[in-house]
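Data block below; observations after.
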Number of protein chains: 2
Amino acid sequence: MENKEISQAVIGRLPRYFRFLGELKDEGVERISSQELSDIMNVTASQIRQDFNNFGGFGQQGYGYNVEYLYEEIGRILGLDKTHNLIIIGAGNLGQALANYTNFERRGFLFKGIFDCDPTLYGKKIRSMEVKPMEEMEDFVRANEIDMAVLTIPKTGAVEVAGRLARTGIRGIWNFAHVDLNVPERIQVENVHLSDSLMKLAYNINRFENMDLSGFERGSYV
Amino acid sequence: MENKEISQAVIGRLPRYFRFLGELKDEGVERISSQELSDIMNVTASQIRQDFNNFGGFGQQGYGYNVEYLYEEIGRILGLDKTHNLIIIGAGNLGQALANYTNFERRGFLFKGIFDCDPTLYGKKIRSMEVKPMEEMEDFVRANEIDMAVLTIPKTGAVEVAGRLARTGIRGIWNFAHVDLNVPERIQVENVHLSDSLMKLAYNINRFENMDLSGFERGSYV
DNA sequence: AAGGGAATGTCAATGAATTGACATTATTTT
DNA sequence: AAAATAATGTCAATTCATTGACATTCCCTT
């Protein structure tokens, strides 16, 4: 077995490769070279080859990469050949939005339950689920082989809920709460801090404004 | 003026500093050393000092950093001292969820309009806004000094809309559509690719499963 | 007022990630 | 079947990011 640790920088690029390869596949493209992919994706061909080689060679010298094979392999690396059972904690706007987003299911991410602590929401139907009270969370996780929990609750409750989840044997938390979770290292946490992302955008807008714009005609947009 | 380019690695950490400093400020903490902050945030003290020094010294030798001053300065660097006017394109679940999320306004991000191409949504009230038809987008942007657009539409329409936005003089796009936008470089794009994030989580869960777990008791939680 | 202590700012060293170069190997053409 | 072509896999070089070390500076106590 491959035992060298793959850097998160590489992992972070795999979904994008996966997306482009999926599109190429749908267009009926059978083979592609790292150079062609480089042109389409705006990354260096060298990086593409280096990335793929972390997992062993997927291509053939003189030929390139078989699109479908490469697509399948990357999907497998990402764990998309398995299905994952998810619950959503927090049936607010964001929780409901994610619950209604059907594309996740196509990749094997199945929403099995949604929980909230607001009694007025109990029983509310969201797609095929009904909002359940938080107290039932632990039993539900154990009874339904839940892999991952999506945390879409305010940060005030997030740390406590993460602790409760940790004791159920869950394996991953997709955290939308604006707080750092501290869980045992067997539990993977993927943070989506939307306001951080928005602040980065604000910075970059201001940075561009303050740049030396000689050569640009400021304020003139076609 | 400082003209050296700051790396995106540093910028990406600023919102987290900002969050922790805000919390310390709310707790009434007046001063903090890089070492104390290091302990709280789980990053090295050296990195903290290096990061802050990209923007000139915020601290005082022998004393540390003044929490409130540092908080304000980082906010200023991120452009949070200015207000930003936003529109949301796509009044689906996610667009509505973001529109209803009040915390952005506290940081100066003001939602001014929300647009959709679905006529059945026209006029629907979301907070203080009514959903408007897409045709009115360009005029609205120009008339209301809109800085940023939030793209929460399916990827099929996103590229075209981004092109239209580019011709209005908008300065940033917060892109939730699962596609790469190609806009002039004066327009900053911040991508939030949720499915990419979820795939990364799936990878890390599987990676942990396949790791050599000698020393761990697999399957035993609590 | 002076000296000790504390913590920054900064330089150097290390480590990680990206890019460039090319030998090798497979395919395709003649 | 052999030569030419194409493109990978991989090694080396470079660039970028992080960490470590310490001289300098400022605060605080005596």
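Naming convention: chains lettered A, B, ... in sequence-line order (proteins, then strands); numbering from 1 in each chain. Keep in mind that what you see is a predicted model, and the values were worked out from it rather than measured.
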Problem set entry | Of residues 33-41 of chain A, the positions that come close to DNA chain C - non-hydrogen atoms, cut-off under 4.0 Å | none
Exercise. Of all heavy-atom pairs between B:V67 and B:V29, which one has the smallest distance, and what is that distance?
Worked result: CB-O, 3.4 Å
Exercise. Hey, mind stepping through A:F208 and B:R186 against side chain to side chain contact (heavy atoms under 4.5 Å, CB included) and telling me if it holds?
Worked result: CA-CA 7 Å; A:F208 190 86; B:R186 70 182 145 76; 3.4 Å; yes
Problem set entry | With B:I32, the side chain to side chain contact (heavy atoms under 4.5 Å, CB included) member among B:I40, B:N66, B:I48 | B:I40
Problem set entry | First-last contacting nucleotides on DNA chain C - partner chain A, under 4.0 angstrom, heavy atom | C:dA17 to C:dT28
For this session: Write down the atom of A:R49, the atom of A:S34, and the distance for their closest heavy-atom approach.
Result: NH1-OG, 2.9 Å
For this session: Send over the distance from B:N53 CG to D:dT19 C1', rounded to a whole Å.
Result: 15 Å
Exercise. When the ring planes of B:H84 and B:F109 are compared, do they come out parallel, tilted or perpendicular, using 30° and 60° as the limits?
Worked result: parallel
For this session: Before accepting this row, confirm whether a basic side-chain N of the pair B:D81/B:R76 lies closer than 4.0 Å to the acidic partner's carboxylate O.
Result: no
For this session: Hey, could you give me each pair passing side chain to side chain donor-acceptor pair (under 3.5 Å) that has a residue in residues 17-32 of chain A? Not counting sequence neighbours.
Result: A:Y17-A:D51, A:R19-B:H178, A:R19-B:D180
Problem set entry | Euclidean distance, atom CD1 of residue A:I48 to atom P of D:dT8 [Å, nearest integer] | 9 Å
For this session: Compare all side-chain heavy atoms of A:M137 with those of A:I87 and state whether any distance is below 4.5 angstrom.
Result: yes
Exercise. With sugar-phosphate meaning primed atoms plus P, OP1 and OP2, does B:T44 contact a base, only sugar-phosphate, or nothing at under 4.0 Å between heavy atoms?
Worked result: sugar-phosphate
Problem set entry | Aromatic plane relationship, A:F58 with A:F55 - under 30° parallel, 30 to 60° tilted, over 60° perpendicular | parallel
Would you list the protein and nucleotides 27-30 of chain D atom pairs, both N or O, that sit under 3.5 Å from each other?
residue : atom : partner : partner atom : Å
D:dC27  : OP1  : B:Q60   : NE2          : 2.8
D:dC28  : OP1  : B:R31   : NH1          : 3.2

For this session: Looking only at non-hydrogen atoms, find the nearest pair between B:Y101 and B:F111 and report the distance.
Result: O-CE1, 4.3 Å
Exercise. Is A:E138 salt-bridged to A:R167, cutoff N-O under 4.0 Å?
Worked result: no
For this session: Answer with base, sugar-phosphate or nothing: what part of the nucleic acid does B:F52 contact at a heavy-atom distance below 4.0 Å?
Result: nothing
Exercise. Who are the salt bridge (charged side-chain N to carboxylate O under 4.0 Å, His left out) partners of B:K200, not counting sequence neighbours?
Worked result: A:E190
For this session: Pull out every residue in residues 11-27 of chain B that has a heavy atom closer than 4.0 Å to any atom of DNA chain C, ordered by number, or say none.
Result: none
Exercise. So, are A:E5 and B:R207 salt-bridged, with charged N and O less than 4.0 Å apart?
Worked result: yes
